[in-house]
Amino acid sequence: MDVGATRIDRSRPPTWAAIVLTIVCGAILAFSGWGEWTSRNAEIQNVEIDLGNLAHSLTQHVEDTFELADSLIRGVVTALETDDGKPEAFARLRTILKARKASLGRIRGIFAYDERGDWLATTEDVVLSNYNNADRDYFSHHRNSADRSLLIGRPVQSKAGGQWVITLSRRWNHADGRFGGVVVATIDVAYFAQFYRQFDVGPGGTISLMSRDGAVLADNAEPGPRAVGRPILDAIPYHPTSGAMHFRRDGEAYDRIGFYQHAPRYPFLVLATRTETDILAAWKRDAFVRITVLVGLVALVIAIGIFLVKQLLQRQQLALALAAKEENFRLLAEGSSDIVTRVELDECIGYVSPSTMRVLGWHPSQLLGKRALSGVHPLDRPQLQEILDQLRKGIVDEARATYRMRRRDKSEIWVEATIRSTRRPDGELDGFVAVTRDVTQQKTLQGRLETLAIEDGLTGLANRRRFDERLLEEWGRAYRERTSLALLMIDIDHFKSFNDSYGHPAGDECLHTVAGILADEAQRSSDLAARYGGEEFAILLPNTDSAGCTRLGERIMRALRKAGIAHEHNPPGIVTASIGGAVCRPGFERSAGPASLIEAADRALYAAKDGGRDRMVMAGEVIDLPAGKAPATVPA
C-alpha cells in the first residue's frame, strides 16, 4: 500500500504538468493563429481604406473635369438658342470655338450639330461638310428625348481624330421648342488612362471610370484601353454610394478587393481594385517566418517543460523554489523599467524599485516613508484617494488610473498605474502594490491624433469630418429645441486661375487668409467654420435666422474685399468669393435632413456663381411650415 501510494503521488505531478503544458502550447498556437488572421484582416482593411481614399479623390477629379466640360457645353447651347440657329451665329460660334481650342486643357474638343447631325461648329480644324454624327447613340438619344440634362455616353472613336473619346452632350432647341441639334464635349480616354497610371495599385491593380450601367469609360490598363465600353462587374452596387467589395473578374483565377465611389453630381462611378494575392503577399511571407519561429519556440518550451516535469520528481526542488520566491520577486521588481511601489496601510511608501530614479529623478531611499500621494498633481489626488479607499474597503481588488506626477526637476509627466491590494494568509489587508509606467509620449501622441482628426492642416479650420459630425449634432439639437439652423457655403472665385497665375504656395496663403477671415467673422462659440473641400468653405450657424445669416455673409464679403488679395484673372482685380446661404427649422419639417440644408446652400452658391460671382444668394428656408403659415420661398 505504501509503495503504491508513493508511486501514485510521484506520477500525478508529471501527468498534470504535461496536461498543463499541452494546454498552454495549444493556447499559444491558437492565439498566434488568431493573431495572424487578425493581421490579415487588418491588412485587407487598410487596403480598403487606401482604395477608398483613392476612389474618393479620383471621383472628385472626374467631377471637376465633367463640370468643366458641362460648363463649356452650356455656353455653346446658350449661344445657339439665343440666336436660334442663324447662319451668322454659326460663323461667330466657329470663330469662338477655334479661339478656345488652346485653353480647353483636359477637354479634347467641342462640337455643335444641327437636327440632321451635320457639323455646325467645332474646335477641330476640319472641313465641317465632310462629317455627320446622326449615327451616334447620343445624337439619337437627344433627338428622341426632350430631356435636356447632361448625357455621358460610352467611349467612341472620334471621327475627326480617330482616338477613343468619352462624350458629354446636351440637346439644344429652336425658339419654338423643336429639336435643334446637339452640343458635344469630348475627353480623351487616354487622358484618364495616363492620369490613373500615376497611382500605384500594385502589379495587378486596376482603376476604372465606369458609367452607372457598368460600362468602362476609361481605366489604367497598359498600353491601351483593355475593356473600354464593356462591363467588368455583374451588378453595380448603388446603395450605399460608396463601399468596399470583394469579387472575381471573368477569366481571372484570383479574387479582387475593390472600393467603388459614386459621383454625387454625375452618373458615373470610380472603381479602384487590387488583387488579393498582391495584397497578402507580404503578409504571407512574414506570417510564414513568424509561425516558423513560433513553432520553434513552442518546441523549445515543450522540451523545457519535459525537463521541468522531471525535476518535479525531486521534492527538494519544491522547497528551494519556495525559499527563492521572495528573492525572485525582488529581482523582477528591481530589473523592471516600470516603478514597483509597496504602499503601507497608512499610505506611506514602504518599498520602491530603482527605476524611480530614471522616471521621477528620485533615489528610492529619498522616497521611503513619504506619503504615496505627495508627488501626484493636486487635481488628480482625489481620483487616487478614491481608488485607495475602494481597495481598503474591499470593493475592488485591483484598479488602474492615469494621472500626472511631479518629477524632481519640477516638470510633470503622465503615468499609468495598476494598483492591487495585498493580504496576509489569513485574508487581512496589509497594503497595496502599485506598478507605474511613464505614458507621457502616448498621451502627447493621442492629443496630436485627436487634433489631426478634426482639424484641416492648411487652414486650421475644422475639416470635413468634423463639419459632418457637428452638422448632425446641431441638426438634432435644432430639432429638439425647435430652433433654426443656418449654413453658408463660400467658394473663392476663379481660384484655379489664381493657382495657375501665382503658384500653389500663394494659393495656400490665400486659403489661409480667407480661413482667418471666416474664423474672425464666425464669432459665437457655437458657430463652426470649416474647410469643406478645395477652395470651398462652410460656416454652420446654430439658432440663426435668414437675416443673421445674410449679415454674416455680407460681413465676410466686405472683409475679403478689404483684405485686397491681388487676383488679375478675377474681374474686380482682387480675390472675391461667391456665397450661398440657406436656413432651415428641422423641428417643423418631416422629411428634410442635413443633406437638404447642404443642397439648398449649394444651389444658392451656384446661383451666386451663375449671377456673376462676388455676391451672396440666400436660398430661403428649406422647410414646409405648419398649416396657417405661408411657405418660405427659394429664389430661382
Side-chain angles (χ1 to χ4, degrees), residues 32-63 192-193 195-212 214-222 226-227 231-288 290 445 449-450 452-454 456-457 463-469 472 533 595:
S32 176
W34 175 80
E36 293 299 339
W37 184 256
T38 302
S39 175
R40 174 189 181 276
N41 292 340
E43 191 76 21
I44 292 177
Q45 186 177 17
N46 289 337
V47 170
E48 290 176 351
I49 293 173
D50 292 340
L51 292 176
N53 293 335
L54 176 60
H56 179 77
S57 299
L58 295 180
T59 300
Q60 183 63 50
H61 168 263
V62 179
E63 276 199 330
F192 287 111
F195 182 77
Y196 292 162
R197 285 195 289 272
Q198 300 176 29
F199 301 94
D200 183 14
V201 288
T206 63
I207 301 175
S208 301
L209 171 62
M210 305 165 59
S211 62
R212 287 190 176 169
V216 175
L217 304 180
D219 62 18
N220 65 332
E222 286 276 14
R226 175 175 55 194
I232 60 174
L233 294 176
D234 295 334
I236 300 297
Y238 290 96
H239 300 288
T241 56
S242 63
M245 57 190 303
H246 295 225
F247 67 100
R248 179 176 295 185
R249 292 176 59 171
D250 292 340
E252 291 185 345
Y254 42 80
D255 292 334
R256 286 184 174 272
I257 297 174
F259 196 97
Y260 69 91
Q261 173 72 53
H262 282 275
R265 289 180 290 170
Y266 296 101
F268 71 87
L269 70 153
V270 171
L271 174 64
T273 74
R274 290 187 64 184
T275 62
E276 190 172 275
T277 302
D278 177 38
I279 293 171
L280 298 179
W283 171 82
K284 289 180 179 179
R285 182 178 60 254
D286 295 340
F288 176 80
R290 289 192 294 267
L445 180 59
L449 291 176
E450 290 174 353
L452 291 174
I454 62 173
D456 178 64
N463 60 15
R464 177 68 179 275
R465 173 183 175 184
R466 180 56 179 161
F467 172 82
D468 291 339
E469 292 174 349
L472 292 176

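Quantities reported herein were computed from a predicted structural model and do not represent experimental measurements.
Take Ser211 and apply the side chain to side chain donor-acceptor pair (under 3.5 Å) test, not counting sequence neighbours, and it matches Asp213. Listed by chain and number, the residues in a salt bridge (charged side-chain N to carboxylate O under 4.0 Å, His left out) with Arg212 amount to none (sequence neighbours excluded). For Asp255, the salt bridge (charged side-chain N to carboxylate O under 4.0 Å, His left out) partners two or more places apart in sequence, or in a different chain, are Arg248. Scanning for salt bridge (charged side-chain N to carboxylate O under 4.0 Å, His left out) contacts around Glu48 gives an empty result, with sequence neighbours left out. For Glu63, the salt bridge (charged side-chain N to carboxylate O under 4.0 Å, His left out) partners are Arg265, not counting sequence neighbours.
Tyr196 places none of its side-chain heavy atoms less than 4.5 Å from the side chain of Val201. With contacts defined as side-chain heavy-atom distances shorter than 4.5 Å, the pair Asp219/Thr206 does not qualify. The closest side-chain heavy-atom distance from Thr241 to Pro264 is not below 4.5 Å. For the pair Thr273/Phe247, a side-chain contact is recorded, criterion being any heavy-atom separation below 4.5 Å from C-beta on. Side-chain contact between Ile257 and Arg274: absent, with no pair of heavy atoms (C-beta onward) separated by less than 4.5 Å.
Note that OG1 of Thr275 is 9.0 Å distant from CG of Leu280, once rounded to the nearest 0.5 Å. Within the model, atoms OG of Ser208 and CG of Leu217 stand 9.5 Å from one another, a figure rounded to the nearest 0.5 Å. Met245 contributes atom CE, which lies 12.0 Å from atom CG of Leu51 (distance to the nearest 0.5 angstrom). With rounding to the nearest 0.5 angstrom, the CD1 atom of Ile49 is 12.5 Å from the CD1 atom of Ile44. A distance of 12.0 Å separates CG of Leu58 from CG of Leu269, quoted to the nearest 0.5 Å. In this structure, the separation between CD on Glu36 and CG on Asp286 is 9.0 Å, given to the nearest 0.5 Å.
The main-chain N or O of Gly35 is never found under 3.5 Å from a side-chain atom of Ser39 such that the two would form a donor-acceptor pair. Counting only distance, with no hydrogens or angles, the side chain of His262 and the backbone of Pro237 share a donor-acceptor pair below 3.5 Å. In terms of modelled atom types and a separation under 3.5 Å, the side chain of Trp283 and the main chain of Asn41 share no donor-acceptor contact.
The heavy-atom pair separating Phe192 from Ala218 by the smallest distance is CB-CB, 3.6 Å. Residues Asp278 and Pro203 approach most closely at OD2-CD, 3.4 Å, considering heavy atoms. Scanning all heavy atoms of the two residues, the minimum distance from Tyr260 to Pro240 falls at OH-O, 2.9 Å.
Aromatic ring orientation, Phe199 versus Phe195: perpendicular (interplanar angle above 60°, classes split at 30° and 60°).
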Does the pair His61 and Val270 meet the rule for a side chain to side chain contact (heavy atoms under 4.5 Å, CB included), with working shown? CA-CA 10 Å; His61 168 263; Val270 171; over 6 Å; no

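Residue pairs meeting the side-chain hydrogen bond (donor to acceptor under 3.5 Å, both in side chains) criterion with at least one partner in residues 50-60, sequence neighbours excluded, are Gln60-Asp64.
Partner of Asp468 under the salt bridge (Lys or Arg N to Asp or Glu O under 4.0 Å) criterion, chosen from Arg466, Arg464, Arg465: Arg464.
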